[in-house]
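Structure first, then comments.
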Amino acid sequence: MKNRPILEVKNLDVVYKTLTDEIVALKDINLQVGERESLGIIGESGCGKSTLFYAIMGYLPSNGNSTGEIFFKGENLLEKGQKEMMEYRGNRIAMVYQNPYSSLNPSLTIGYQLDEVTMFHRRFSRKEARKVSIQSLTDLHLGDAAGIVHRYPHQISGGMQQRICIAMALLCRPDLLILDEPTTALDVTTEAVILDIIGELKEKYDMSLIYISHDIGVVNKVSDRIAVMYRGEIVEKGSQNTIYQHPDHPYTRALINCMPRSGIVKEEVRLNTIQGYVTRRSAAETGCPYIARCEKKAHDCEKGYGLKENSPHHFSACTRAYAVDVPDRERTALKKVEENYDEEKNILKIENLYKYYGRQGKKIRALDGVTVSLDRNNVLGVVGESGCGKSTMGLTVSGLLKPTKGKLFFDGMDISVSWEKRTPDTLRGIQLIFQNPGRSLNPSFTIETIIGRPMKKLLGIKSKVERRKRIIAILKKVDIGEEYLNRKATHLSGGEMQRVALARAFSISPDLLICDEPTSALDVSVQASVLNLLGDLQQESGAAYIFISHDLNIINYFSDYIMVMYLGRVCEYGRKDEVVGPPYHPYTEALLSAVPDVDPSLKKRTIRLEGSPPNPTKKIGGCPFAGRCHRQIGEICINVPPPRVEFSDTHFVYCHLSKEEMQGISS
Amino acid sequence: MVLTLAVMSFIIFVLVEIMPGDAAQTVLGQSATPESLAALRESMGLDDPLYIRYGRWAGAFIHGDLGESLYMRGVQINTIFWRKVGHSVILALTALVFYVPLSLFFGVLAGVKAGKLTDSIISFFGLATMALPEFVSGIILITVFAIKIPLLPITSIIPIGETLWENLNILVLPALSITFVMFGYVSRMQRSSMITVMNSDYIRAAVLKGMPQGYVIFRHALKNALLPTITIIGMNMGWLFGGLIVVETLFGFPGLGSLTLSAIKTRDVPLLEASVLFITFIFVISTFITDMMYAFLNPRIRFKRGEV
Amino acid sequence: MKTMFLLLKRNPLAVLGIVILFIWIFAAFFGPSFLSYTYTEMDMDHQMSLPGEYNHLLGTDALGRDVFARIIYGSRSILTVALMTSLFSSIAGILIGFTSGYFGGLIDMIFLRIMDIVMAIPPLVLAMVVLGILGDSTIFSLTLIVSIAYTPATARVARGALLSCKGNEYVDAARIRNESHFFIMFVEILPNTIGPVIVEITARFAYSIMMIASLGFLGVGLQPPTPDWGMMVIENKSIIKTASWTVLYPSLAIASLVIAVSLFSDFVSKVMIHEK
Ligand code: SF4
Ligand code: SF4
């Protein structure tokens, strides 16, 4: 610790009482944050990272009880009453939350919500307060600050709302700023801008910072030190580089290795997986919280468990990350399947596809002329930010939406209609995996019914015995035991549910699988196993995939071809190596620069894209990206649709820049 | 709105038409001779086909003429109707003055103290009165406040030659009877909307900004928590008039409710039309006002979404 | 089961409600066989006798009829009709609300419009007008009309419950494997809306009792000589000053039943929230 600690948490335990039992949310937390220091906290959902900060703020639900000590500048916060805590909240310690929209009061103006902070803590008059508020907004690069104060939260975009929340937190120049997943609800390019601003402000205001996230990459951008939490405990802490390069704790190591990170592709590396999933912790449980899932566990590892400083400034509860008595699992790459040339290669052709929602006058142009084709055995990754039309494309291909204009061909057959008009064989041939498995499996059905029903409807297998035989076989492939047959989907974990969803899709041998953000509702440690499974199943079945995701790392890891979309249109398409390397479309360039990296040594220059995508109800004359493009070259971009520039047979870009200019862009 | 009223009025006409017995029968009683019945029907215009009678009635109605009562021969409905409507409106408003502040206050209180003893008591009371028929609470109130402690009159009849204004005390018990059931309904709604708001992210944010509890409740929570309840109160204005019928019958109060009940029993179509349409009108107009008010109080509707 | 027990332990009032409800159900089934009077029997020597006098537990009314016997008999009709109306209006509500919400678009618009029109009249006024015009209500007509009067409200609840499920992807998954609308509505969605539906049925039960009692009170409910709680109150209202027990006890009977059902329904909704 180089500086005096500003926050010191000692032996903090938090226990929640529920109707039936007691749940341990935090166990023996010891933590220090120094002056001007920035600490990042990593953990999967349910590991207690948010609870930790509500405990610090003295804001636990009534069934939660905390014991231990929390010193803030030498004062024990746990001994303070609600009245005394008011002095700290928002004044000395400020917080920023995950969801900016719901954190702002919908019926008060932005200005009002900002002003009250200094009016209370600094006893400012309304006029003085307003001046400070506007200044604070300006510090966050919010253009029209004087206008924004008169607006209501719903009139402002998500990225702006979060900047307002940060401005609000900074009004009293707090000593400590706590950010709880502040960018998780935002798009990558917006996230990048906000992370950039946070870094800048930290320098400017001399404050300490705690940044909580499930994403190491994000934390890397703003924190020097990192603490890793697992099931209510801190299992390891140390500097950014140590954590990435020499993790001591098996969990930390496994977590890093299971992330699809830049430069890693499925043809070369198979992602590491962690078996099982995070479970609740009961009061009776003692010892290592990771033992149920640990690959390195040995008979004596319970004995010495506990957080120790193993090397200077590097604490870990266990040092068996590289223990050799239990060898590392072998990680083979996925091999590409032999192409079968007897069959017609092409499986899907999309020609000039348009999809509009809503009525005349208020039409939302979700897809604005998309053309692409996909061969068997290939994975097409579709990437873009929310509202770019990638999900609409998936839904249209699956038949859940009827195209407004344009043609779809599946295996040579015209399927430009919605599901009611498709043949059972087409319905069988195209399967869909949804983002949220909890919502895609009917909670009141058993696993057997969930998988058996499509077999009966689309394969026409009438015999229950025959179906059961096949169900057991397919469940085995997705690594789910026979004993699950009669369980309801609600009793499964997220990862298991997604496996069942995969089993349902593959039980009727589809030719094309559409995966719409299949892992974004899952924890990182579970995501890897689902991705691996998706890869294995593809290899085995030879089905083609449309893989839709907002996460360029995952797309790059998993796809053969990548299509970058913006506002219902294609920006760039190509083999994955062609897309992620130069020449770039300016939007691809911005996206790539924004992607957070697990490896802290890969510091990139962020391109700050201003604003948010334009209103999708307006018809766009020129390039859809023109309003935010950092390389915009004037009127032509706004008024003339960009031409298709081809770099190879498989690689093209829609942009007014010349080939040479684009080739000149390097990452 | 107009459509609702038109459809309603037509349905009532048809209903009376397809049911056995008519006003002529009720006027003359069961022992009437067929000849006298026929004569009376003719003079009442009951022999004309349905649509002609409906058209005749509707035409006059649009011009504000509610027609002549079928049962009380020769009485213009306009002369008796509005006075009684006036009484009912006053009673309804009295009830409103009682129950709105009470249920909002206790609903908010229960919501803030959710899970505590205060909440349990208020919630139990709300639950108990939620589905309590108005006449039951009325009887209990009469027993206590008119018989055991003779404070207030048992019946709410206006003595002949006097007006309501000289007998305001007759309003208290009927209004309280309505208050009971409405309190149950509204306070429970208010409680749950208050709890939703108090658990919202923005309230958490306000508390963690260091704002004092009272300020958070009044400045941040209340407005958002009151919005849905205001809608509920507005939407239930029509229902309130349903309760009025029961209460007026219990207390013998000369209002719209007792008028409606007697119109039904005598098959007095024009009078029934006037009563039911008025109740419908109250519902429609209060829904309309509620919508306007909601839009005005809710910035999300007042200011259209527009990105900066 | 264990959580149910724990919840009951935490809600003593719910236990009270359930006990009272069971007492009433028991009284309706077996009560009459314990009575020394029938509901029409007039004790000509003891009219308006005080509760407890002359072997009349709750006294007699102006005609010398035993108030207690009439209350016990009255519980039969009100419980039967209320139970049936809450079931029928819920079933009708589910059918209408589901169809309307599931198909959406024009069908939904028409249904909503119709429901708006029906809802513009308070259910009590609607039932009163229709029953009054029909005259001489029977168990059948009473059940039918009250069910109809409550159907728009239940339909709204059912529609809301369906809409909250309809957006789930398992519905999409069912569509693209060519399931029939019927299957999706009633096999896929219905089991998942069972929570709100059950809560609605129990709450509707309380409101049905309220409505039936009120209709009886207004004189358009079941006709004499069938004893009806509401009717007992209005019949004897004029003698409230001299023989308050004749109106007070039937009122208390209604109150106890209504409150018991409300407590029960509140408990059911707590259980449903907990199930989630
Ligand atoms: S090696 Fe043992 S102590 Fe270390 S993490 Fe694994 S199970 Fe826990
Ligand atoms: S066409 Fe113009 S605005 Fe569009 S991406 Fe190219 S340079 Fe940017």
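A note on names: the letters A, B, ... follow the listed sequences, proteins ahead of strands, and every chain is numbered from 1.
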Return the option, out of P443(A), A505(A), P437(A), P454(A), with the maximum number of heavy-atom pairs under 4.5 Å with chain C. P443(A)
Under the ring-ring contact (aromatic ring centres under 6.0 Å, His included) test, which residues partner F182(C), sequence neighbours left out? F186(C)
So for L441(A), is it side chain, backbone, both, or neither that comes closer than 4.5 Å to the heavy atoms of chain C? backbone
Listed partners of F22(C) passing side chain to side chain contact (heavy atoms under 4.5 Å, CB included), at least two apart: I18(C)
Any chance you could lay out the side-chain contact (heavy atoms from CB on, under 4.5 Å) test for F547(A) and L534(A), step after step, and finish with the verdict? CA-CA 10 Å; F547(A) 194 96; L534(A) 272 167; 3.9 Å; yes
Please name all residues satisfying ring-ring contact (aromatic ring centres under 6.0 Å, His included) with F434(A), sequence neighbours left out, ordered by chain then number. none
Checking heavy atoms, do the side chain of V171(C), its backbone, both or neither come under 4.5 Å from chain A? neither
Report the donor-acceptor contacts between chain A and chain C below 3.5 Å as a table, one pair per row.
from, atom 1, to, atom 2, distance (Å)
R439(A), O, E169(C), N, 3.1
R439(A), O, Y170(C), N, 2.8
R439(A), NE, E169(C), OE1, 3.1
R439(A), NH1, N168(C), OD1, 3.4
R439(A), NH2, G167(C), O, 3.2
N442(A), OD1, N192(C), ND2, 2.7
N442(A), ND2, E188(C), O, 2.8
N442(A), ND2, E188(C), OE1, 2.8
S444(A), OG, N192(C), OD1, 2.9
R453(A), NE, E179(C), OE1, 3.4
R453(A), NE, E179(C), OE2, 2.6
R453(A), NH2, E179(C), OE1, 2.8
K457(A), NZ, N178(C), O, 3.3

Can you tell me if M109(C) has over 12 outside heavy atoms packed within less than 6.0 Å of its CE? no
Within a 6.0 Å radius of atom CZ on F103(C), are there more than 12 heavy atoms belonging to other residues, nucleotides or ligands? yes
Applying side-chain contact (heavy atoms from CB on, under 4.5 Å) to I415(A) and F409(A), what does each step give before you reach the verdict? CA-CA 6 Å; I415(A) 54 157; F409(A) 295 96; 6.0 Å; no
